[in-house]
Amino acid sequence: MSRVAATAVRGTRDVLPPESSSWQWAEGIARRLCAQYHFQEIRTPIFEGLEVFQRGIGETTDIVEKEMYVFQDRSERWLALRPEGTAGVVRAFLEHGLPAGPLPVKFFYLGPMFRYERPQAGRYRQFEQFGVEAFGSESPALDVEIISLGTAFLEALGISGWQVQLNTIGCPVCRPRYRQRLLELLRPRADQLCASCQSRLERNPLRVLDCKEESCRRVTADVPAPEEYLCSECAAHWQAVQEGLRAVGILYQVTPRLVRGLDYYTRTVFELIAPGLGSQDAVLAGGRYDGLVEEMGGPAVPGIGFAAGMDRLLLSLEQGGQGRAAEPELDVFVARAGDVPETAALQVVQELRKQGWRVDQDYLGRSLKAQLKAADRAGAQLTLVLGEAEWAQGQVVVRTMATGEQETVNRAVLTQAVTTRLQRTA
RNA sequence: GUGGGCGUAGCUCAGUUGGUUAGAGUGCCAGGUUGUGGCCCUGGAGGUCGUGGGUUCGACUCCCACCGCUCACCCCA
């Protein structure tokens, strides 16, 4: 027999225990926090019609231009694996007529996203995101709550050394003015920009600010910040967001160069960065997208959200040596010694599981020594030895693994004996 | 898409100017205890040396190609 394939597809990976338990733990934190902030789960498909992403994310973004997994199904409809969560959530929001219902609505999602990029540290082709989206309010208080949820998430995970970078990029009223001013300042010096910035100068001059190229940095060094060109509404919003953040004690750093890659953002944009990740250090990022719902064919409903890269967050924890110690996942191991029927173990195991305990047993007919070793390795608190001699008299040996103490108890009171011992250690 | 680094047991890695049966640690299995884990001792299983080709009397070692992994650019979570 030859193997089907030697390895997982490039950019994808397997999560095995005990790592999988770290994922459950982190996802549990996300869910708990969302409950506290009253965000409810939405589950949207992993693939959508291609146009959902083209319209939602923007035709000229890198994601749509070159990073999507696009394919045709058997009826030759064009589909794409979702490269991010927001577009699908907006589609669902509209499809179910939610703009006509009670607003605001606050959703969260958890699941895989797909982008065709060269993998590197903290970047995969299939990666896991935790995201939130809130529709129907322009209130700066919502901006503050979203950012607060983001920082609370990193706190709860135990990430240390993170920071919030914050900026505003205005709205359709004021951004054109800023854009115009940028063009006036940059055009004369276009020859000093890097190749990619020269090409994006006309298309999306704001992104030149974001460039890390030394030469571009010099050119943009003395360019005014977006906040100097805000319209009065955006300026008020921007002030209110900052006041709100200060009011709830969230430290942030205004980063005028922070421009997001997706077309749909307006006003508030932010990024949370964490240490230990090499160059992919943005672990959670988002912003306001007040024009997106309308852009996708719905009414003018404002929105705001963020997405967190779970792979990067867990990687950052590992790098910082803050990974959690694996907790034991087994309470009782049932072993047999001598001529004891398999059905005896089956019954004991089942009885204990009915009480809610986590129970496993030996399936290989191994020596008692080997069985105890297996119990130890699995982290069992107790091992029950069904010994031939004791079993014949209706008794079972209960061994407490931590101390090695053993006691022989009657079969009839076994459940109770196990329960009192486990509760004592719990 | 572009560039750098790396591919030897399940894992982490040695392998000396190319030389004959490719090693260690760890993990796994078993024995030391005819029914008792964690420490210790002993033994065992486990490798197409990434793949293909070339040079050579001889290649894990040198050369070429390909594949894969990885880091970085780009971009992004």
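Chain A is the first sequence line, chain B the second, and so forth, proteins listed ahead of strands; every chain is numbered from 1. All values below were derived from every heavy atom in this structure, side-chain atoms included, with hydrogens, water molecules and symmetry-related copies excluded. All figures in this text were calculated on a predicted structure; none of them were measured in a lab.
Annotation: cation-pi pair A/Arg181/A/Tyr229 absent, no NZ/CZ under 6.0 Å from the ring centroid and within 45° of its normal. Taking the ring centre of A/Tyr265 as origin, the terminal cationic atom of A/Arg288 falls outside the region bounded by 6.0 Å and 45° from the ring axis.
Comparing the P positions of B/G18 and B/C63 gives an interatomic distance of 11 Å, to the nearest angstrom. For B/G44 and B/G52, the C1' atoms lie 35 Å apart once the distance is rounded to whole Å. As rounded to the nearest Å, B/A45 and B/C6 have P atoms that lie 34 Å from one another. Between B/C28 and B/C39, the two P atoms lie 10 Å apart (nearest whole Å). Taking atom P on both nucleotides, B/C74 is separated from B/G19 by 45 Å, rounded to a whole Å. With C1' as the reference atom, B/C71 and B/C29 are 39 Å apart, rounded to whole Å. Across B/G47 and B/C60, the matching C1' atoms stand 12 Å from one another, rounded to whole Å. Distance check on atom C1': B/G38 versus B/U33 gives 16 Å, rounded to whole Å.
For A/Val144, the side chain to side chain contact (heavy atoms under 4.5 Å, CB included) partners two or more places apart in sequence, or in a different chain, are A/Leu245, A/Val248.
We find that CG of A/Leu157 is positioned 14 Å from C1' of B/A77, with the value rounded to whole Å. One interatomic measurement links the two molecules: CE of A/Met68 to C1' of B/C76, which rounds to 15 Å at whole-angstrom precision. Atom CD of A/Glu117 is separated from atom C1' of B/A72 by 14 Å (rounded to the nearest Å). Whole-Å rounding puts the A/Tyr264 OH to B/C76 C1' distance at 11 Å. Across the protein-nucleic acid pair, A/Arg312 atom CZ and B/A77 atom C1' stand 5 Å apart, rounded to whole Å. Atom CZ in A/Arg118 sits roughly 11 Å away from atom P in B/U70 (whole-Å rounding). Atom OH in A/Tyr124 sits about 8 Å away from atom P in B/U70, given to the nearest Å. In this structure, the CZ atom of A/Arg125 is 13 Å from the C1' atom of B/G68, given to the nearest Å.
Both A/Gly309 and A/Met401 sit near RNA chain B, but only A/Met401 has its closest nucleotide nearer the 5' end. Looking at which nucleotide of RNA chain B each of A/Tyr116 and A/Glu405 is closest to, the 5′-most match is held by A/Tyr116.
Sparse packing is recorded around CD of A/Glu342, with 12 or fewer heavy atoms of other residues, nucleotides or ligands lying under 6.0 Å away. Counting non-hydrogen atoms of neighbouring residues, nucleotides and ligands closer than 6.0 angstrom, the CD atom of A/Glu329 reaches no more than 12 such neighbours. Residue A/Glu388 qualifies as enclosed at atom CD: its count of foreign heavy atoms under 6.0 Å is above 12. In this structure, A/Arg43 places its CZ atom where only 12 or fewer heavy-atom neighbours from other residues, nucleotides or ligands lie under 6.0 Å away.
Under the Watson-Crick or G-U wobble criterion, with both distances below 3.5 Å, B/G1 is paired with B/C73. When both distances must be under 3.5 Å, the Watson-Crick or G-U wobble mate of B/A22 does not exist. Pairing partner, B/G31: B/C41, with both Watson-Crick or wobble hydrogen-bond distances short of 3.5 Å. In this structure, B/C49 forms no base pair with any nucleotide, since neither Watson-Crick nor G-U wobble geometry is met with both distances under 3.5 Å. Judged by Watson-Crick or G-U wobble contacts below 3.5 Å, the nucleotide B/G7 has B/C67 as its partner.
In this structure, A/Gln280 reaches the bases: a heavy-atom distance under 4.0 Å links it to at least one base atom across the strands shown. Within 4.0 Å (heavy atoms only), A/Ala380 reaches no atom of the nucleic acid at all. Contacts of A/Gly286 with the nucleic acid, taken as non-hydrogen atoms under 4.0 Å apart, are absent. The residue A/Gly404 sits close to a base: some heavy atom pair falls under 4.0 Å. A/Ala375 comes within contact range of no nucleotide atom at all, as no heavy-atom separation falls under 4.0 Å.
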Q: Starting at the 5' end of nucleotides 29-35 of chain B, put B wherever the base has a protein heavy atom under 4.0 Å, S where only the sugar-phosphate does, and a dash everywhere else.
A: SS-B--B

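Aromatic rings from A/Phe127 and A/Phe114 are positioned such that their centres are separated by 6.0 Å or more. For A/Phe153 and A/Phe130, the gap between ring centers is short of 6.0 Å.
With hydrogens and angles ignored, a donor-acceptor pair under 3.5 angstrom links the side chain of A/Gln120 to the base of B/C74. The base of B/U36 is paired with the side chain of A/Gln406 by a donor and an acceptor separated by under 3.5 Å.
Here the side chain of A/Arg91 pairs no donor or acceptor atom with the backbone of A/Val52 at under 3.5 angstrom.
When distances run from any side-chain atom of A/Arg10 to the nucleotides B/A77, B/C69, B/G38, the shortest one goes to B/C69.
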